[in-house]
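All remarks here apply to the structure that follows.
A, B, ... follow the sequence lines: proteins, then strands. Residue 1 opens every chain. Hydrogens, waters and symmetry mates are skipped; everything else that's a heavy atom, side chains included, is used.
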Amino acid sequence: MGNAESSQTLNNRFRSDYCGLLNPAREQSTVRLAGWVHRKRDHGGLIFIDLRDHTGISQLVIQPERHELFAQAEHLHIESVICVEGVVVPRAEGAINPKLASGAIEVVLSSLTVESHAQPLPFPVADEVQTSEELRLKYRFIDLRREKIHENIIFRSRIIAAMRHYLEAQNFIEIQTPILTSSSPEGARDFLVPSRLHPGKFYALPQAPQQFKQLLMVSGFPRYFQIAPCFRDEDARADRSPGEFYQLDMEMAFIEQDDLFAILEGMMQHLTTTMSHKRMTQFPFPRISYKEVMNRFGTDKPDLRIPIEIQDVTDLFKDSDFKVFSNNTIQDFCVKALVLKGRGNESRLFYDKADKRALELSAQFGPAYNGLAYIQFREEGPKGPIVKYVLNELPDLKAKLDLETGDVVFFRAGQWAETCKIMGGMRNYFADLFTLDNDELSFCWIVDFPMFEYNEDAKKIDFSHNPFSMPQGEMEALETVPSLDILAYQYDIVCNGIELSSGAIRNHKPEIMYKAFGIAGYSREEVDTRFGHMIEAFKLGAPPHGGIAPGVDRLVMILRDEQNIREVIAFPMNQQAQDLMMSAPSEVTLTQLRELHLKVELPKKDEGKK
RNA sequence: GGAGUGGUAGCUCAGUUGGUUAGAGCGCCUGCCUGUCACGCAGGAGGUCGCGGGUUCGAGCCCCGUCAGCUCCGCCA
């Protein structure tokens with residue numbers, strides 16, 4: 001396990017040394033150790049105990065001559081907490097255990113105190129056998145004893161310390177912002193907290209300290225950071241913890257996008273080189289525009305390690321007789337291709353499964369979608385359901401996509417964003433065909449996000465990201481460029497297909513803000529009502545500023561090769577946002593409700609339960 | 001809200017075409033064992049097969065419903 005305590009062992013009545021750090025240098029010394037009984041091997045005439053603390057394991061030996069000690073040890077249960085005293089001795093030649101850091105020595109006990117008798121555990125600590133997550137979460141305090149997750153939590157602490165260290169050296173100031181604040185009209189669903197002193201009114205837990213950090217810029221703190229808890233009442237995913245998560249929230253005044261990129265790249269380089277053995281594929285991180293990333297990878301969080309890219313073949317089908325394609329060559333529509341080298345001779349099942357996946361990916365855009373067209377380039381010629389319709393285009397296609405015998409190309413035609421997303425989903429689906437190097441960190445910046453997007457449901461223009469982002473070209477752009485073509489100083493940092501953070505250069509000019517909100521359909525009065533305090537602040541002397549807020553949990557996840565965010569959080573909730581250990585959420589007493597002026601009205605289908 | 005996936009002993013899992021008393025490894029209990037390190041050996045206890053209903057002479061297995069877990073979509077930066 002960890003070795004942070006190496007030189008500074010606390011010497012008291014419980015221990016003088018740590019199990020994992022004990023070595024031949026301490027031979028013949030009398031030491032005190034304290035920890036958990038990891039394993040016990042009772043030979044009848046001799047007992048071995050593997051004692052575990054958070055640094056590792058030491059082997060204790062109990063000899064039969066010490067009758068009282070022996071009797072005590074015989075009845076010890078695994079995972080009991082004991083404090084022992086004994087002499088460090090070298091192990092015999094053949095008895096050295098190379099698998100143990102302390103394997104060259106052992107401790108012959110002279111005394112043993114049981115601090116806590118452990119009953120049989122619901123699941124083993126020493127054997128890290130797969131255990132249902134439900135059980136692990138219910139007994140999280142036991143689960144956290146297990147080496148892998150214990151190390152994750154220690155690593156998390158160290159990386160947060162490294163972040164602080166780095167940012168403080170860069171003159172950042174850490175400032176705490178409120179946890180009880182007000183509900184914000186945009187973004188995710190809020191967690192609400194009823195107010196006792198103000199009947200009928202509610203606090204909200206912050207989705208992020210977004211407005212506070214911008215106001216701190218107005219207050220004249222040029223560089224702010226915080227390991228900030230963020231609360232969002234939205235459903236969980238493997239990389240999205242339910243309810244709450246932590247961001248390294250940052251904001252800086254008098255900076256431009258490039259300044260921020262340099263600082264964050266510097267920090268990421270520092271963290272990855274000092275905290276892991278992983279390599280950054282490219283440094284500084286490549287920058288890819290939103291439009292380009294959608295065209296090439298079909299997602300705004302691409303895993304650049306996957307060695308295939310989506311290609312555009314719209315132009316080839318402008319005059320095609322194949323209407324399925326040629327109908328999609330007009331403005332805002334496209335025909336996209338994805339080539340798999342050497343996969344043209346797979347079984348029918350291979351293509352059918354791919355087709356099925358494409359249908360799943362299409363489902364989110366509506367029911368009336370067909371599957372995935374493909375052409376296999378085989379020895380005997382091109383093969384596939386659509387070959388006969390595109391014979392005219394085949395030569396150009398082969399030239400443009402560099403197709404050879406043995407390859408297969410998949411097609412998708414339709415509205416631009418949808419088609420890109422479906423093909424991006426297929427690119428991820430095919431990622432399994434390649435071995436991705438987990439020791440490679442492929443960071444990139446996604447830049448030039450559109451400021452606005454068209455909301456089909458509401459039939460109006462919406463902000464596509466943070467409404468407080470500065471439009472590129474500022475007021476002039478808002479007045480002269482078609483709204484949907486305006487770009488924002490809005491960026492994401494992505495690593496290996498995981499979005500670490502969004503950020504933006506903010507809009508600190510009230511007039512530009514009113515104009516931008518106007519394009520999204522908000523009157524001056526509405527903006528004043530909803531964001532009055534922000535606008536007000538920006539009217540009273542606001543510096544240009546911008547920031548970002550990398551997800552701490554996600555960064556730890558990537559650096560520790562974890563597929564699930566709950567593996568790097570000490571006490572996470574389950575997918576249904578329940579804390580199985582603490583039984584949260586839970587009902588409260590009528591008295592508590594009355595005090596808060598609340599009355600619970602359950603949904604009908606829940607009536608009659610319990 | 002929707003889709004997928006598994007739910008059998010404390011834990012991890014097996015369970016044949018629907019057929020007698022539901023099995024294994026680990027753990028637990030008892031006994032033996034002085035050099036193990038996943039110690040070994042012998043014996044024992046431990047089961048509402050998630051829950052409810054149905055089909056059947058007979059259901060862990062088939063059908064319907066339902067509950068809880070995880071993954072994905074919606075949602076979320």
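Using a 4.0 Å heavy-atom criterion, one finds that A:Arg41 contacts the bases of the nucleic acid, with or without backbone contacts as well. Using a 4.0 Å heavy-atom distance criterion, A:Ile57 is classed as making no nucleic acid contact. Here A:Asp233 lies out of heavy-atom contact (under 4.0 Å) with every strand. At a threshold of 4.0 angstrom between heavy atoms, the contacts of A:Glu106 include nucleobase atoms, whether or not backbone atoms are also involved. Using a 4.0 Å heavy-atom criterion, one finds that A:Asn564 contacts the sugar-phosphate atoms exclusively. As judged by a 4.0 angstrom heavy-atom cut-off over every strand, A:Ser464 is placed among the base-contacting residues. Within 4.0 Å of A:Glu65, counting heavy atoms only, lies at least one base atom of the nucleic acid. Heavy atoms of A:Arg39 sit under 4.0 angstrom from primed sugar atoms or phosphate atoms, though from no base atom. Across all strands, A:Arg357 comes closer than 4.0 Å to no nucleic acid atom at all (heavy-atom distances). A:Ala238 comes within 4.0 angstrom of sugar-phosphate atoms only, judged by non-hydrogen atoms across all strands, and of no base. Across all strands shown, A:Gly187 has heavy atoms under 4.0 Å from sugar-phosphate atoms exclusively, and none from any base.
Close to B:rA38, at under 4.0 Å from its OP1 or OP2, lies a side-chain N or O of A:Lys99. Distances shown here put every side-chain N or O of A:Arg91 at or beyond 4.0 Å from the OP1 or OP2 atom of B:rU36. At the phosphate of B:rC13, neither OP1 nor OP2 sits under 4.0 Å from any side-chain N or O atom of A:Gln130.
Between A:Lys213 and A:Glu251 there is a salt bridge, with a side-chain nitrogen of the basic residue lying less than 4.0 Å from a carboxylate oxygen of the acidic one. Ion pairing between a basic and an acidic side chain is recognised when a charged N comes within 4.0 Å of a carboxylate O; A:Arg566 and A:Glu133 show such pairing. The pair A:Arg156-A:Glu151 does not count as a salt bridge, with every side-chain nitrogen at least 4.0 angstrom from each carboxylate oxygen. With salt bridges taken as basic N to acidic carboxylate O contacts below 4.0 Å, none links A:Arg145 and A:Asp143.
Rounding to whole angstrom units, CD of residue A:Gln207 and P of B:rC75 are separated by 16 Å. In this structure, A:Asp42 atom CG and B:rA38 atom P are separated by 17 Å, rounded to whole Å. The interatomic distance linking A:Gln575 (CD) with B:rU71 (P) rounds to 5 Å, in whole Å.
With hydrogens and angles left out, the side chain of A:Arg240 and the base of B:rC76 share a donor-acceptor pair within 3.5 Å. A:Gln59 contributes a side-chain N or O that forms a donor-acceptor pair with the base of B:rU36 under 3.5 Å. Taking only distance into account, the side chain of A:Arg136 never meets the base of B:rG69 through a donor-acceptor pair shorter than 3.5 Å.
Take A:Gln28 and apply the side-chain contact (heavy atoms from CB on, under 4.5 Å) test, not counting sequence neighbours, and it matches A:Val87, A:Pro90.
Nucleotides B:rU55 and B:rA59 place their C1' atoms 10 Å apart, quoted to the nearest Å. The gap from the P atom of B:rG1 to that of B:rA45 amounts to 47 Å, rounded to the nearest Å.
Stem analysis of RNA chain B (Watson-Crick or G-U pairs, both distances under 3.5 Å, runs of at least three) returns B:1-5 with B:69-73, B:10-13 with B:23-26, B:28-32 with B:40-44, B:50-54 with B:62-66.
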Find every protein N or O atom lying less than 3.5 Å from an N or O atom of nucleotides 25-31 of chain B, and list the pairs.
residue, atom, partner, partner atom, Å
B:rC29, OP1, A:His77, NE2, 2.6

